[in-house]
Amino acid sequence: AVVARNPEKRSPGANKLKKEGRSRSPASSVGPEKHQPQMPQTDPNMEETLNTILPPLEWMEDGQLYIKQVKSTPATRQDVSKLSEALNSRLVKRQARDSGICPIRRELYTQAFDELIRQITIDGVERGLLLLRIRDEINMTIK
């Protein structure tokens with residue numbers, strides 16, 4: 001839709017609307033309004049918080065520094081389902097014990113919990129920070 005900013009270029013209909021006291025938005029003057037999917041609003045501090053919670057991995061390879069950061073895209077239901085399936089398959093593949101103390105099971109559940117913290121932090125920074133606090137307290141209590 002073309003919106004004229006110059007009063008001399010306005011259509012005669014626009015002047016009538018102004019005189020009658022009604023106004024129309026450019027979208028409604030063109031035809032039916034189309035709903036466009038909105039991108040989720042991201043907190044400006046969210047990426048900084050994610051990097052604090054799950055610091056980027058840095059390594060040197062062939063004289064070049066590589067940095068790997070966690071993704072800041074929101075998780076879908078399918079992502080959560082994949083996480084659950086991956087956890088179960090890794091538990092079986094690495095032969096983690098079903099009960100008792102098992103370092104393999106602890107490592108895999110820690111990785112899954114970190115991923116959940118990442119996903120929840122993207123949806124709400126405060127909730128992610130609370131889960132981080134809970135994770136750290138559990139780790140301090142266990143050790």
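We're numbering straight along the sequence, starting at 1.
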Could you measure the distance from the [atom1] atom of [X] to the [atom2] atom of [Y]? Nearest 0.5 Å is fine.
| X | Y | atom1 | atom2 | answer |
| --- | --- | --- | --- | --- |
| Ile53 | Thr121 | CD1 | OG1 | 3.5 Å |
| Arg135 | Ile138 | CZ | CD1 | 10.0 Å |
| Leu108 | Lys93 | CG | NZ | 11.0 Å |
| Asn139 | Arg106 | CG | CZ | 5.0 Å |
| Lys71 | Gln69 | NZ | CD | 13.5 Å |
| Arg97 | Ile104 | CZ | CD1 | 8.0 Å |

So with a 6.0 Å cut-off around [atom1] of [X], is the heavy-atom count from everything else above 12?
| X | atom1 | answer |
| --- | --- | --- |
| Asp98 | CG | no |
| Met140 | CE | no |
| Arg118 | CZ | yes |
| Ile101 | CD1 | no |

Taking the side chain as C-beta and beyond, is there a heavy-atom pair between [X] and [Y] under 4.5 Å?
| X | Y | answer |
| --- | --- | --- |
| Thr141 | Glu137 | yes |
| Val80 | Ser84 | no |
| Tyr66 | Leu57 | no |

message: For Glu115 and Gln111, which I'm curious about, is there any donor-acceptor pair between the side chains at under 3.5 Å?
response: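 Gln111 and Glu115 do not have a side-chain donor-acceptor pair below 3.5 Å.
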
- prompt: Which pair of heavy atoms, one from Asp79 and one from Pro74, lies closest together, and at what distance?
  reply: OD2-O, 4.2 Å

- request: Could you tell me which non-hydrogen atom of Cys102 sits nearest to which non-hydrogen atom of Ala96, and how far apart they are?
  value: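 Heavy-atom minimum between the residues: SG-CA, 3.8 Å.
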
Flag yes if [X] and [Y] sit in one hydrophobic cluster, no otherwise; membership is Ile, Leu, Val, Met, Phe, Trp, Tyr, and two members link when side-chain heavy atoms are under 4.5 Å apart.
| X | Y | result |
| --- | --- | --- |
| Leu131 | Leu116 | no |
| Leu132 | Phe113 | yes |
| Leu83 | Val70 | no |

field: Working for side-chain contact (heavy atoms from CB on, under 4.5 Å), residues Leu50 and Ile122
entry: CA-CA 8 Å; Leu50 279 175; Ile122 291 169; 3.9 Å; yes

